[in-house]
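Heads up, the thing below is written out as structure tokens.
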There are 2 protein chains.
Amino acid sequence: MQERKSLDSLFQLVHALKRQLHNRIEQLNLDIAPMHVRVLKIINKKVPCTAIDIANFLNRDKAQVTRLLNTLIAQELIVKEPNPEDKRSQCLRLTEKSQMIMGEISKIDKQIYAQMTQGLNEQDLEHFEVVAELMAKNLST
Amino acid sequence: MQERKSLDSLFQLVHALKRQLHNRIEQLNLDIAPMHVRVLKIINKKVPCTAIDIANFLNRDKAQVTRLLNTLIAQELIVKEPNPEDKRSQCLRLTEKSQMIMGEISKIDKQIYAQMTQGLNEQDLEHFEVVAELMAKNLST
DNA sequence: TAATGTAGTTGATAATGTCAACTATAGTCT
DNA sequence: AGACTATAGTTGACATTATCAACTACATTA
């Protein structure tokens with residue numbers, strides 16, 4: 001029953017994490033969902049960033065990404081700019097509004113991370129992350 | 001950026017895991033989703049088992065559990081029996097049909113687990129699980 | 001230039017998750 | 001016993017996340 005237990009704890013962890021993030025994001029009164037926040041983070045980090053970059057990073061369908069981006073554009077959190085290298089594609093950029101929001105989100109991330117990692121030292125976390133990454137890689141190939 | 005990276009690898013791992021499970025379950029032609037399988041596993045493991053037990057274990061809304069159970073009943077994978085200790089409640093039990101299916105599911109679990117844990121030793125896995133459990137606990141309190 | 005590939009959109013639909021209101025039974029308190 | 005509160009489960013409504021297929025427009029390759 002070793003494997004069963006491990007998968008369950010993993011599912012429960014991520015479920016708890018998503019709920020925390022969802023609750024905290026709700027408090028910002030942004031009217032966007034956790035996936036929108038993840039998209040904002042990616043656009044913030046990767047410059048330049050296109051829709052395909054996001055789909056690849058999140059390993060999600062392009063259709064989902066298009067819809068997430070539409071919401072963000074409607075709320076003036078991102079803008080699309082022509083991609084000089086490819087007329088099919090657009091570069092995504094945060095607006096001033098969302099740049100300010102990213103600060104809040106970063107705080108929330110830090111708080112949740114601190115809460116989640118209580119009682120764990122740097123070495124534990126390092127090891128955990130390495131294992132998680134390897135597992136994800138094992139599954140995706 | 002330490003915290004960001006860690007959360008992302010976790011999300012990606014679970015996403016990849018869910019996809020693998022989904023694909024494999026699909027191959028069984030059961031016409032049920034991963035959550036249904038998780039419910040079957042819980043009923044299989046915990047005897048007696050009621051709807052509330054499932055909701056508590058999965059940390060999900062009772063409404064969702066009711067609907068998952070309805071599908072399973074419609075497909076004759078589980079039956080409800082009166083709970084002798086509480087007339088509001090029913091005990092859930094696997095049918096012969098689903099007991100056979102559990103064998104297949106167990107095989108799939110083992111295969112996916114083996115794939116996911118390639119290159120990791122028992123100690124790595126033990127540590128990973130302990131950390132995941134502690135994190136989940138930290139978040140839920 | 002024809003064929004093939006890629007970026008992104010749209011429609012349809014499945015899977016997952018949450019909230020609130022409700023029924024019926026259980027337990028508690030006096 | 002009767003009133004009050006709590007719990008098990010159901011139902012309706014809805015939000016979020018995810019996937020597939022078909023499509024347009026542009027890019028790349030042969």
Side-chain angles (χ1 to χ4, degrees), chain A residues 11-12 14-23 25-26 29-39 43 48-75 78-92, chain B residues 11-12 14-26 29-40 43 48-75 78-92:
Chain A
F11 285 140
Q12 286 182 5
V14 168
H15 188 248
L17 187 49
K18 280 186 180 168
R19 273 234 276 251
Q20 281 282 349
L21 285 168
H22 186 267
N23 290 343
I25 289 165
E26 217 166 32
N29 282 317
L30 285 182
D31 208 37
I32 55 175
M35 279 302 286
H36 294 111
V37 172
R38 294 186 68 189
V39 169
I43 297 172
C49 181
T50 68
I52 283 285
D53 292 333
I54 294 170
N56 290 339
F57 185 81
L58 293 176
N59 201 9
R60 296 301 194 286
D61 195 280
K62 294 178 298 176
Q64 189 184 358
V65 172
T66 294
R67 284 162 186 137
L68 289 167
L69 294 176
N70 285 343
T71 310
L72 294 173
I73 291 167
Q75 304 209 8
I78 62 170
V79 289
K80 275 185 187 170
E81 293 173 341
N83 184 345
E85 302 190 349
D86 190 335
K87 280 182 196 166
R88 291 168 303 179
S89 154
Q90 293 108 47
C91 293
L92 306 165
Chain B
F11 284 139
Q12 287 182 5
V14 169
H15 188 250
L17 187 49
K18 281 186 181 169
R19 272 234 276 251
Q20 281 282 350
L21 284 168
H22 186 268
N23 290 344
R24 296 306 208 82
I25 290 165
E26 217 166 32
N29 282 318
L30 286 182
D31 207 37
I32 56 176
M35 279 301 288
H36 293 112
V37 172
R38 292 186 69 190
V39 169
L40 288 178
I43 297 172
C49 181
T50 68
I52 284 285
D53 292 332
I54 294 170
N56 291 339
F57 185 81
L58 293 177
N59 201 10
R60 295 302 194 286
D61 196 280
K62 293 178 297 175
Q64 189 183 358
V65 173
T66 294
R67 283 163 187 135
L68 289 166
L69 294 176
N70 284 344
T71 311
L72 293 173
I73 291 168
Q75 304 209 8
I78 62 169
V79 289
K80 274 184 185 170
E81 293 174 340
N83 183 345
E85 302 190 348
D86 189 334
K87 280 182 195 166
R88 292 168 303 179
S89 155
Q90 293 109 45
C91 292
L92 305 166

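Note on naming: letters A, B, ... go to the chains in the order of the sequence lines (proteins, then strands), and numbering restarts at 1 for each one.
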Show each protein N/O and nucleotides 23-29 of chain D N/O combination with a separation under 3.5 Å, one pair to a line.
unit_1, atom_1, unit_2, atom_2, d
D:dA27, OP1, A:K87, N, 3.0

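Scored by the side chain to side chain contact (heavy atoms under 4.5 Å, CB included) test, A:Q20 finds A:R24, A:I112, A:Q115, B:L139 as partners (sequence neighbours excluded). Residues that satisfy the side chain to side chain contact (heavy atoms under 4.5 Å, CB included) test with A:Q75, not counting sequence neighbours, are A:D31, A:I32, A:T71, A:L77. Scanning for salt bridge (Lys or Arg N to Asp or Glu O under 4.0 Å) contacts around B:E81 gives B:R93, with sequence neighbours left out. Residues that satisfy the salt bridge (Lys or Arg N to Asp or Glu O under 4.0 Å) test with A:D86, not counting sequence neighbours, are A:R88. Under the rule for a side chain to side chain contact (heavy atoms under 4.5 Å, CB included), the partners of B:N23 that lie at least two apart in sequence or sit in another chain are B:E26. With sequence neighbours left out, B:K87 forms a side chain to side chain contact (heavy atoms under 4.5 Å, CB included) with no residue at all. Considering only residues two or more places apart in sequence or on other chains, B:N83 meets the side chain to side chain donor-acceptor pair (under 3.5 Å) condition with B:S89.
Axis orientation changes by 30° from one end of the helix from C:dT1-D:dA30 to C:dT30-D:dA1 to the other, with each end axis drawn from 5 pairs and the value rounded to 10°.
Across residues 63-72 of chain B, B:A63, B:T66, B:R67 each have a non-hydrogen atom less than 4.0 Å from an atom of DNA chain D (numbered order).
Here the range on DNA chain C touched by chain A, meaning any atom under 4.0 Å from one of its heavy atoms, is C:dG5 to C:dT18.
Sorted pairs that involve residues 58-71 of chain A and meet salt bridge (Lys or Arg N to Asp or Glu O under 4.0 Å), not counting sequence neighbours, are lacking altogether.
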